[in-house]
Amino acid sequence: MPIAFLLLLLALAVLLVLPHIPRSEKCLSKSMAVLERADYYVVSLYGQPLFRLDNLENWTTSHMTTDLRDSTVARITRVKGTWARRTLQPLCRGRLFVAGADTSVWNSQKAAQAALMLREQREVLRQRLETMEKRIEELQYFMKVHKVTDEGFNVVAEWLQRATDELRNVRLVMAVLNDSTRLDKMTIRFVHDYTLLNINNDTTSVERRIPCHILKANTLRGKYLVQTRNHWMPDSICPVYENEETELYRQEQTHLLNQNNDTTNASLAIDEALYNGETNRQWVPNGHGIMRSPSGKVYDGMWKDGRRHGFGISMDGDGRLRVGEWQEDVYQGERLTYTVEHVYGIDISRHQHEKGKKKYSIDWSRLRISSLGTLSKKRISGSVDYPVSFCFVKATEGTTVYNQYYSADCQQARRQGIHVGSYHFFSLKSSARDQATTFLRYARFPKGDLPPVLDVEPTNAQINAFGGTEKLLNAIRTWLQIVERNVGVRPILYVNQGFVTKHLAEASDIKRDYQVWIARYGEYKPDVRLAIWQLSPDGNVTGIRGSVDINIFNGYRDQFELFLEEHCIK
């Protein structure tokens, strides 16, 4: 028998025996790789793909697009893979065993229900569009009253861009589904793609991303054989043979891929929400991370022992945006950094002229804000030396109190180029109609003045004695409507944060139709939409003796100029 033939038989025997030789743990560890699996659904008409989405069961939060190449619309999972080679083709390269989902069962059992499902989800999308529009409006409002130097601005800008893109995609999908005559002909197919992320034991430290295609699938066992599209595989690995029962099939299909450090980057399922970010050794969120829930809630910020703690940005399922600081999972509010770029103002009454039996004048030519008060901590950039851009002057209170300094203060402020507004202090001892008449008779409203203000500051006991929240809100409406009809612009409502939370929540029309000026003497900005924030009652202003209420406009100079153009007296 020729020696060459014997050598051939020997080589063939070696190839047949090698797959049955047990592998060492060291060898198996060299065969492992990490891949990214992207799961998504494709809706087609007569075999022509129309759009793709990443979640078929819940279209209220699913991402979707008519761009079939958009790889961002998919559920991404990291899985472990095992480098493999064929028994009789030892040089065949780029093959991996991976875990996968069962596509055949879904496609055969559920594809027939596609038309019914699409009809139901079309109605879901109509409701989703309304929610998305609210979200975008909320994000746009934040962008309108903030600058890039404000904390969280860039993240909100990214959210707005994604939300805008998402809204466009949903509208395109709606346009496809609105053609009812084609729904019965549409089919849904589940697809997943694999991408090789990095290779253990490779000599290079650079992470590679190499697309793979599926060669063979055993859907009943969740086994897939894939191959890198360029047939690339590292030289340093120890591949297993395709006919071996590899370690992969005795493990779970998906794995968290993390390092055992004090803080790690993890992807965790917490109460059906998905967390991506830093954790401690117990896999509890700690440090920076992002939490997303199936209902659409999202939080991007700092965590401490599983609770939101520190600066963060959140948006709930209804689209309410919160940017600021959390303490032990409780939202505190937005903490501003005070700079000369903000627009500041004051409000005054006879108390700035009378201290006991002594009377004082205001030196309007020297007016500069020199202190923002000391009742709360404030984050100030530079020194406090701000111009007074606007001033509200008290005109009346109830039906019997008149500020004798009102006219002179208004005239002096206007001469200094300060924007002036008049306010009325509301009393529960007389009717709203009579109080409006008193205010209109005494106050003056020249062209260019700020809108008139209704100052409402009753205690809870006073509200109960007056007849309750509903009666008070009706009285507020009466005053606002009478003054608006006579002056020609909508007044501003001045209240404190507690009143907004406890009482104004029952008057959606007032919150919707009128600008709000809120008093809150803390380090955090009020957690509502507002025109002006009275941030302290104990500020100092050069040219005025004693303490002065300090206010800040909700926005910067551009927004203030727009506010003057839209809301001042014509």
> Passes side-chain hydrogen bond (donor to acceptor under 3.5 Å, both in side chains), Ser62 versus Asp54? Steps please.
Replying inline: CA-CA 6 Å; Ser62 175; Asp54 63 358; 3.0 Å; yes

>> Run the side-chain hydrogen bond (donor to acceptor under 3.5 Å, both in side chains) test on His146 and Asn554 for me, step by step, so that the C-alpha distance in whole Å, both residues' side-chain angles and the decisive distance to 0.1 Å come before the verdict.
In response: CA-CA 8 Å; His146 290 80; Asn554 188 24; 5.6 Å; no

>> Pair Arg490, His567 - check side-chain contact (heavy atoms from CB on, under 4.5 Å), show working.
In response: CA-CA 8 Å; Arg490 287 183 174 175; His567 299 287; over 6 Å; no

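No donor-acceptor contact under 3.5 angstrom links the side chains of His288 and Asn276, judged on distance only. In this structure, a donor-acceptor pair under 3.5 Å is present between the side chains of Tyr524 and Glu325. No donor-acceptor contact under 3.5 angstrom links the side chains of Ser361 and Arg545, judged on distance only. Thr60 and Asn58 form a side-chain donor-acceptor contact under 3.5 Å, judged by distance and modelled atom types alone. Side-chain N/O atoms of Lys471 and Thr469 include no donor and acceptor closer than 3.5 Å. For the residue pair Arg366 / Thr542, no side-chain donor-acceptor distance below 3.5 Å is found, with atom types taken as modelled. Judged purely by distance below 3.5 Å, without hydrogens or angles, the side chains of His353 and Asp409 pair a donor atom with an acceptor atom. Side-chain contact annotation: Asp300 with Trp159, donor-acceptor N/O pair under 3.5 Å absent.
For residues 437-456, every residue pair satisfying the side chain to side chain donor-acceptor pair (under 3.5 Å) rule, not counting sequence neighbours, is listed here: Arg414-Asp449. Residue pairs meeting the side chain to side chain donor-acceptor pair (under 3.5 Å) criterion with at least one partner in residues 528-537, sequence neighbours excluded, are Glu137-Arg529, Glu138-Arg529, Asp347-Gln534, Tyr494-Gln534, Tyr521-Gln534.
Legend: residues meeting salt bridge (charged side-chain N to carboxylate O under 4.0 Å, His left out) with Arg122, ordered by chain and number and at least two apart, are absent. For Asp67, the salt bridge (charged side-chain N to carboxylate O under 4.0 Å, His left out) partners two or more places apart in sequence, or in a different chain, are Arg69. For Tyr556, the ring pair (Phe, Tyr, Trp, His ring centres under 6.0 Å) test picks out His342, with sequence neighbours left out. Shown here are the ring pair (Phe, Tyr, Trp, His ring centres under 6.0 Å) partners of Trp326, two or more places apart in sequence or in another chain: Tyr299, Tyr331.
Relative ring orientation between Phe560 and His419 is described as perpendicular, the plane-to-plane angle rising above 60° on a 0-90° scale split at 30° and 60°.
With Trp479 as the partner, the ring pair (Phe, Tyr, Trp, His ring centres under 6.0 Å) test is satisfied by one option alone out of Phe425, Tyr514, Phe439, Phe426: Phe439. Put simply, the residue from Glu397, Lys394, Gln435 that forms a side-chain hydrogen bond (donor to acceptor under 3.5 Å, both in side chains) with His424 is Gln435. Screening Phe499, Phe390, Phe392 for a ring pair (Phe, Tyr, Trp, His ring centres under 6.0 Å) with Trp517, the sole residue that qualifies is Phe392.
Taking a cutoff of 4.0 Å between a charged side-chain nitrogen and a carboxylate oxygen, Arg162 and Asp165 do not qualify as a salt bridge.
Under the 4.5 Å side-chain criterion, counting only non-hydrogen atoms from C-beta, Val173 is in contact with Leu177.
Annotation: Tyr344 is in aromatic contact with Tyr386 [ring centroid separation under 6.0 Å]. Taking the six-membered ring where the residue is Trp, the centroids of Tyr405 and Tyr360 are separated by 6.0 Å or more.
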